[in-house]
Trainee: 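I'd like to ask you about the structure that follows.
Chain A is the first sequence line, chain B the second, and so forth, proteins listed ahead of strands; every chain is numbered from 1.
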Amino acid sequence: MKRREFIILTGVGATSAGMLSACGHPEEKLIPALIPDDEYVPGIDVWKASTCAMCDAGCGIVVRTRDHKANKIEGNPQHPVNRGALCARGQAGLQVLYNPDRIKAPMKRVGERFSGQFAEISWDEAIKILADKLRDLSAIGKANSVHFFTNDRRGMTAHIATRFMEAFGSHAYLVNRLFNEDSAISGFLNSYPFVNKPVFDIANATFLLSFGARFLETWHSPILYSRAYGDFRRASGKVRGKFVQVEPRMSLTGANADEWLPARVGSEALVACAIAQVILREGLAKNTPDANFIKSFEAYSPENTAALTDIAAEKIIRIAREFAKSDRPLAITSSTIEMTKSLASLKWANFLNLLVGNINQKGGMLLLEKDYTFPLAKLDLPNGFSNIDYFKFPMMIADRPCEILMIHNFNPAYVVPATKKKLKTIPFIASFSSFMDETSELADLLLPDHTSLESWDINYAEATSEFIVNLTQPVVKPEFNTKQTADVFIALSRALGDKVAASISFSSIEETVKQGFTSFAKKETPALVKKKAAETDAEEDSWKPLSEKGFFINKLKNNPAYELESHQLLTNIPLTDSLLSDAYEDQEYPFALLVYEHPTLGVGEQANLPLLQELPDAMTSVMWGSWLEINPKTAAQLGIKDGDVVEIAVEEVAIGGDLRTIAQFEPIQLPAVLYAAIRPDVLAMPCGQGHTAYGRYATNKGVNAVVFTIGSAGNKRGILRAKVKRISNENKLIRFGTNLPEHIEIKR
Amino acid sequence: MSETTPTNKPQWAMVIDLDRCTGCEACVVACNVENNVATVGAEEAAKGRTINWIRIERYFEGEYPDVRVKFRPVMCQHCEEAPCEPVCPVYATYHTDEGLNAQVYNRCVGTRYCANNCPYTVRSFNFFDHVWDAPLQKAWNPEVSVRSRGVMEKCTFCVQRIKAGEAKAKDENRDVKDGDVTPACVQTCPTKAMYFGNIADPTSEVAKLSKSSRATKLLEDLGTKPKVIYLNEGE
Amino acid sequence: MQNDKATNEKINDDLLRPLRQTGWAWRVTVVVCAIFLLAAVAAFAYQLQRGIGVWGINRPVFWAFDITNFVFWIGISHAGTLISAILRVTGAEWRRPITRCAEAITVFALMIGGIFPIIHLGKPMLFYWLAPYPNERGLWPNFRSPLMWDFFAINAYFTGSLIYLYLPLIPDLALVRDKATGWRKTIYAKLSLGWRGTQRQWHALEKAVQVMAVIIIPVAVSVHTIVSWDFAMAIQPMWHSTMFGPYFVAGAIFSGIAALILAMAVIRKVFHLENYLQPIHFNNLGLLLLTLSLLWFYFTFAEYLTTWYGNEPHEKVVFQSKISGAFAPLFWTMVVCCFVIPMPILAIKKLRSISGTVIASLTVLVGMWLERFLIIVPTLSQPRLTFNWGSYRPTIFEITIAVGTVAYFILLYAVFTKLFPIIAVWEYKEGLTVSPLPHPHHDPAGATIATAE
């Protein structure tokens, strides 16, 4: 093998070492991220910093490129979120860029509507088609019948779209995550001026009590918390932390716990209350609410609630003691334990944090000022997007006049397949998707967006205790004839003229990002007002090191945490009244159906990446498909064997308004997995599969489980009930490894 | 069978802390990307023909509700007494003087004997030529050859990174030290469960960790002397 | 003398008849076998073009039908040389009509067995890389690999067997040469190497055959021992057994004799050689088969008992899967085929008839094929790390190739019987003269006739 330079060019030192030896004009070559493509040195790696777009966490990445091609993504070693680490999804990011099923150029529909037949056109033509449509509508006073939806919560697309749409006379909507992992300490805390996303210092905790928070997989910022978990277990000079997970179906995160408490579905809040009750009655709390509260809280003793939670009182008492007596106890929780909307668990798990007094303490829950967590709010942009939950999308397009639907990075035809019917009533649909997904198939105009590795953007990072601004910049030239959606809006605004054109003063997203990012670094409040040319030149100097680093930390204060003590929050806690109602039983539909986010395929966004399709699910070892998890004992009763095809039927859910029709579910068939770590009265299945479009790797793999989330979203109890029966023994599971125990005991 | 000659070359080894490992499989994907490991597709995967240089083994222990799960990343253990090496008739797999169990793809004729004699089942065979739908192949790592049909492949400890790290150390006129070489799996590990380095250097992290009371080797009783050391869970 | 001459003529006529006349049975056999062979060639051609993935092998079962067939055919090859050599060396007179039958089996079985290690390669076209020759890779092959030992052992055995088949064929070739006309005469003349049946030639032949017989016995033993070491040298559960050498050799001879009995029965029927291949031959071979059936049972019992008693966890897993697990149906079929059926048939004198021994041989062949399959697949499919357990199902390609090789064997054998006397004429005649006379006689009738003309 020819010896080659191998340089990780993330620091200036390493940078200059590598580049000085390679080029003749060192003063121009200091910053690898800025090397123009035509100055590439063949055979030399160039690393470019950007931000991972595979989830919302906002990990910093460096991308290894050589000869105009990106060949590896790694975590940015300097980035405070991930410190060089990256998850399975992030590692697969190149397959988004180089995906063979990308839409390769703008296209317009030819032939019948919804026939899926498109012909390539030029960008000029594509923008003209859309601009003409918009202008025509505006002319007849129907501007408000144009709607833009995006799922992109991380970056500037929604900002620019909002500016555009509002100037045009309508709205842009930002669709929430399907599994909205809020950690709002709701109710009694919302009056405080901090954001609803606290940060948890898991690394320094000594006892971690998690209520369904899959912090090693999908919760908030998986890498940040995985790093913390490593230190939680084995940081030098620290005792090994103990970790208890409460959830009805053991997740990958739960699999790493020292103890797993399979509480009845929806009873997580009760478990938290029972633990809190023990802490209070045994006087283990650092902060104590008033006597009246303690008195009325006696109803939640573990003895009283054991029947409802299905967790033995002794176990609760032991864990409560261990938790409260531990040096630095910490409770975390997810608002979507598997699929159930469990806001009560959010509240009562965080109540435990208040009792042990860990707010803004080492190893505790850190509450940050709002400014820290969403830097983009600082951009001179209209405040407040119109956020909607995905399941309200069908109602929205039904309730409002809708002549033109513009849709970006959001796939309603997949997440709510029943909306297809409604989508088809919309006269004109323009899709900005990079892929031919289920919704794009229905479109009349395709305006494919760049993938993240070709784009310019400013992003925020989730769940950090620092004010981080992330930079997304192209690591390679666009692979296909695509255009960044923000630039399409700029072009559209120019085409429409007048006040719409005035709403966006920048000529390109690249310029916007460069200036916005530089002004962040200068601790200025960035303004999206175009500066004079002379000033832009001067800014190049400050831009270079920033772009090389790929992110920026603004330490505005020494302590970013909101100054607040736990005991301040322990007043006026309303005791909820509905927690003690009897556990819900149903003869016809005996099982609770949990639908959870696939650890790597997400809710289907990553199903088109072969690397992740062929990555065995860590718990079940299944590849390339869906499965239904059943407790082995339950399965034996139903005569179901591992790998058998089963049919699940879900109860009809009465949801108000237009959703009524949508919440009737067809029975679906899929292979069963006998799963040792699930409650006998629970069935669970992952989201992510069941695409009918979205490229060759995603299409016709498994079943679409996302559809059921709408049922639980609309369901008052938050729990969808189901029944299951065996259909055949035709084994369709594609498995990587076995379910066998490590040591097989054979009696002689 | 294999003579151990005294050498001042680095002896590469890995330490995996099972207490930190969460089974997230980031290492698996990182390895696939770094080493151009092929995706075989659903049909072939169903036949048990995926190519994996590293895998996470998952074992359930106990019955509901007292279920515990163990994860263990397993890759080529780079055994000092590797059972795969003597059985290859064409020297496609052999031991380097840096303690690596090397696989020479263009020598391999595909007898598959090495894989049959590997107690760790870490070798993958290319049953077919693999298709990389264009433009996916643009993401190939130019430092790693793409394996053709009919040859065996397995973890190399990212030998391309080892060579680059050694070259860098040589340029700087010094011995390799911790941090010079980081295989893709170790680099990406979110919980920092993996360590890599020169075990012959007593000051290296792996040398220190390998002396831990938690240190074990996989199927140690076979006498294969693996170069991957696992640190067990627990205190 | 007149009487002798008539007998001579009769023997010549009987034993050379297959070379002169071609019956319909022969033609049908050849055509059917050729079709199967072509199918196998086509299957292999497809495999070459697509890759070995057309087979059912996978991770962890990297070997299955391929190596099963390899071991099976190498086992069959022990019929011949070993039996004929042992019987020759020990001077068993009844061997005389059997020897060539057996020697031909050896050569053809080796030819076929040798195909499998080549076609099972991931890159079959590079099979010659196993040979030690000065090459551009600048490498010797790895002499530590049992596959290399196989390479040399099988080549040595094949060469030896070919010579051992050829040497006693020379006087018969001369006989055929003398009876043939035209181009055939030229070919047989070339092949018979100027045999004139002089005292010196007879002496030399006798000597050579004796030397070869002595040499070939240890070579044959070593071949199957080395084949067994493909497994025994590995560290996988239930492969790593010290007993595998003798176990495999016994099994090889066992299946070899079975194959020989079958071949003899077919030849006897097709070529009407009832007077030459007599019940006594089947009886004697049946007794040998019985001995080996008992020996096989003893080895199998010893092998499995020690595994069970030793209770080593990984071995126990494989053991259990054969005794009562997924492989139990195949395992018990094997026991029935190798022992339960043939043992009584062969032990009871009444049942040890021609048809009795043929039935026993058929079951033994099935059983011994299963034995090889059960040595390979259960071990491979249940590796030590249980997460990686797998399973195996053959595909149509493997089955076609397996069936095709059987057809190929029959085809080769059928063609051989067409070209060469399948019963050694001179040896048979020698037997006739030897039996009544106590001292050896170096003027066999055939040679006399040949020189008389």
Trainee: Given 3.5 Å as the limit, does a donor-acceptor pair link the side chain of R227(A) with the main chain of P190(B), or not?
Mentor: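 Side chain of R227(A) to backbone of P190(B), a donor-acceptor pair under 3.5 Å: no, none is there.
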Trainee: Do N141(B) and R66(A) meet the criterion of a side-chain donor-acceptor pair at a distance under 3.5 Å?
Mentor: no
Trainee: Report which part of N631(A) has an atom under 4.5 Å of a heavy atom belonging to chain B: side chain, backbone, both, or neither.
Mentor: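 The side chain, not the backbone.
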Trainee: Are side-chain heavy atoms of L252(A) and F71(B) found at a separation under 4.5 Å?
Mentor: yes
Trainee: So which heavy atom on F480(A) is nearest to which on P135(B), and how close?
Mentor: CZ-CG, 3.8 Å
Trainee: Given that the side chain runs from C-beta out, which part of L612(A) has a heavy atom under 4.5 Å from chain B: side chain, backbone, both or neither?
Mentor: side chain
Trainee: Which region of A70(A), side chain (C-beta onward) or backbone (N, CA, C, O), has a non-hydrogen atom less than 4.5 Å from a non-hydrogen atom of chain B, or is it both or neither?
Mentor: backbone
Trainee: Do you know the tightest heavy-atom contact between V29(B) and Q91(A)?
Mentor: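 Between these two residues, the closest heavy atoms are CG1-CB, 3.6 Å.
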Trainee: Between K192(B), Q137(B), E43(B), Q187(B), which shows the greatest number of heavy-atom pairs under 4.5 Å with chain A?
Mentor: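 It is Q187(B).
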Trainee: Just wondering, do M619(A) and F60(B) contact through their side chains at under 4.5 Å, heavy atoms?
Mentor: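 Yes, their side chains come closer than 4.5 Å.
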Trainee: Which one, A26(B), A38(B), A42(B), leads in non-hydrogen pairs under 4.5 Å with chain A?
Mentor: A42(B)
Trainee: Checking T600(A) against E25(B): is there a side-chain donor and acceptor pair closer than 3.5 Å?
Mentor: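 No - no donor-acceptor pair under 3.5 Å links their side chains.
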Trainee: Considering only heavy atoms, which portion of E259(A) lies under 4.5 Å from any heavy atom of chain B: side chain, backbone, both, or neither?
Mentor: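 Neither part; nothing is under 4.5 Å.
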Trainee: Is the closest side-chain heavy-atom distance between Y64(B) and W260(A) below 4.5 Å?
Mentor: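 A side-chain contact exists here, since the closest heavy-atom pair is under 4.5 Å.
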Trainee: Hey, does the side chain of E614(A) reach the backbone of G41(B) with a donor-acceptor pair shorter than 3.5 angstrom?
Mentor: yes
Trainee: Within the distance-only criterion (no hydrogens, no angle test), does the side chain of R233(A) pair as donor or acceptor with the backbone N or O of T191(B) below 3.5 angstrom?
Mentor: no
Trainee: Would you call P616(A) and I56(B) a side-chain contact if the rule is heavy atoms closer than 4.5 Å?
Mentor: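 With C-beta onward as the side chain, the pair stays apart.
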Trainee: So, taking the atom named CZ in R20(B) and the one named OG in S226(A), what distance separates them when rounded to the nearest 0.5 Å?
Mentor: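 With rounding to 0.5 Å, CZ (R20(B)) is 11.5 Å from OG (S226(A)).
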